[in-house]
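So that the names make sense, note that chain A is the first sequence line, chain B the second, and so on, each numbered from 1. Basis for what follows: all heavy atoms, side chains included, without hydrogens, waters or symmetry-related copies.
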Amino acid sequence: MPSLPLHDWNLAPIDAIALQKRLAGRVERKDRLDPVHRIAGVDIGFEQDGEITRAAVVVLAWPPAGEGAFEVVEQAVHREPTRMPYVPGLLSFREVPAALAAFEKLSARPQLVMVDGQGIAHPRRLGVASHLGLWLDLPTLGVAKKRLCGRHGEPGPARGDWAPLVDDRVGGRGDGRETIGAVLRSREGVKPVFVSSGHRLSLATALEWVVACLGRTKLPEPTRLADRLASRRDQKRR
DNA sequence: GCGACAG
DNA sequence: ATCTTGTCGC
């Protein structure tokens with residue numbers, strides 16, 4: 001397994017749109033930070049008809065021992081009463097508080113965080129992955145199972161094939177379109193996932209990491225395992 | 001008014 | 001997100 005670079009540049013999602021254009025063609029890597037040893041996956045589940053919010057974080061060691069053989073280094077769960085209803089576009093306010101509490105239970109911070117949801121592929125360019133990244137001050141990326149906004153074509157049939165997710169610029173003025181994410185075929189014969197930069201990493205880098213963390217399932221390991229822990233599918237199915 | 005709408 | 005059995009396919 002090759003060691004992939006984590007940072008293309010340091011930027012916050014709010015600045016991403018302006019910087020993307022300015023840095024196009026001359027991406028600097030001087031801001032690369034720590035090497036990646038720990039990758040975290042985050043997801044939120046609900047219990048008791050949504051009354052209880054259940055946040056789960058699973059930390060995996062990088063690189064994996066073998067093909068898709070990731071070692072679970074640590075994991076944490078935090079439960080609390082649900083405060084906010086689900087409102088498309090405002091998911092952060094419902095999930096981020098619980099996710100942060102779960103992170104506080106970890107003994108060590110990961111170098112990269114994969115979140116179940118959108119990064120900057122959001123109407124205001126601030127999806128859960130971006131929002132969480134800002135609060136954690138860690139590089140994050142979003143992997144969503146469905147589209148929130150933007151348009152796209154059908155990605156190729158092979159694993160790794162992807163199509164750009166484009167949307168009109170925030171504010172709706174100027175020359176219009178911008179790439180906010182990618183529709184990635186993470187597995188053959190399955191509906192694609194929506195990958196986007198969350199915080200402090202580019203779309204290209206986000207795609208590299210997602211593909212690098214794919215097992216033989218649709219979702220990358222960090223997110224897949226966090227998903228299981230959040231919805232208790234691990235103990236439920238037994 | 002009519003769709004679209006992460007988890 | 002969540003409620004849920006069997007079933008088709010690699």
Distance, rounded to the nearest Å, where A:L91 contributes CG and B:dA4 contributes C1': 16 Å
Whole-Å gap separating P (B:dC5) and CZ (A:R94): 19 Å
For atom CG of A:D43 and atom C1' of B:dA6, their distance in whole Å: 11 Å
Aro-ring/base stack A:Y86-B:dG7, d under 5.5 Å, angle under 30°: yes
Min side-chain heavy-atom separation A:H152-A:R147 under 4.5 Å: yes
Sugar-phosphate only, base, or nothing, as touched by A:D116 at under 4.0 Å among non-hydrogen atoms: sugar-phosphate
N/O (side chain, A:K145) to phosphate O (OP1/OP2, C:dA1) under 4.0 Å: yes
Note: A:R200-A:D137 ion pair, threshold 4.0 Å (strictly below): yes
Heavy-atom side-chain proximity of A:R177 to A:D167 below 4.5 angstrom: no
Sugar-phosphate, base or nothing in reach of A:V87, heavy atoms under 4.0 Å: nothing
Sugar-phosphate, base or nothing in reach of A:E47, heavy atoms under 4.0 Å: nothing
Beyond-backbone contact of A:L141 with A:V115, side-chain heavy atoms, under 4.5 angstrom: no
Sugar-phosphate, base or nothing in reach of A:G89, heavy atoms under 4.0 Å: base
Touch class at under 4.0 angstrom, heavy-atom based, for A:F46 against every strand present: sugar-phosphate
For atom CZ of A:F194 and atom C1' of B:dA6, their distance in whole Å: 10 Å
Sugar-phosphate only, base, or nothing, as touched by A:L90 at under 4.0 Å among non-hydrogen atoms: base
A:R147 vs B:dC5: side-chain N/O to OP1/OP2 distance below 4.0 Å: yes
Between C:dT2 (P) and A:R54 (CZ): distance, integer Å: 10 Å
Residue whose nearest DNA chain C nucleotide is more 5′ - A:D227 or A:R187: A:D227
Spacing of A:F93 atom CZ relative to B:dA6 atom C1', expressed in whole Å: 14 Å
Check ion pair A:E178-A:R125 (N to O, under 4.0 angstrom): yes
Touch class at under 4.0 angstrom, heavy-atom based, for A:G127 against every strand present: base
Nearest-Å distance for atom pair NE2/C1', residues A:H122 and B:dG7: 12 Å
Length of the line joining A:L165:CG and B:dA4:P, which is rounded to integer Å: 17 Å
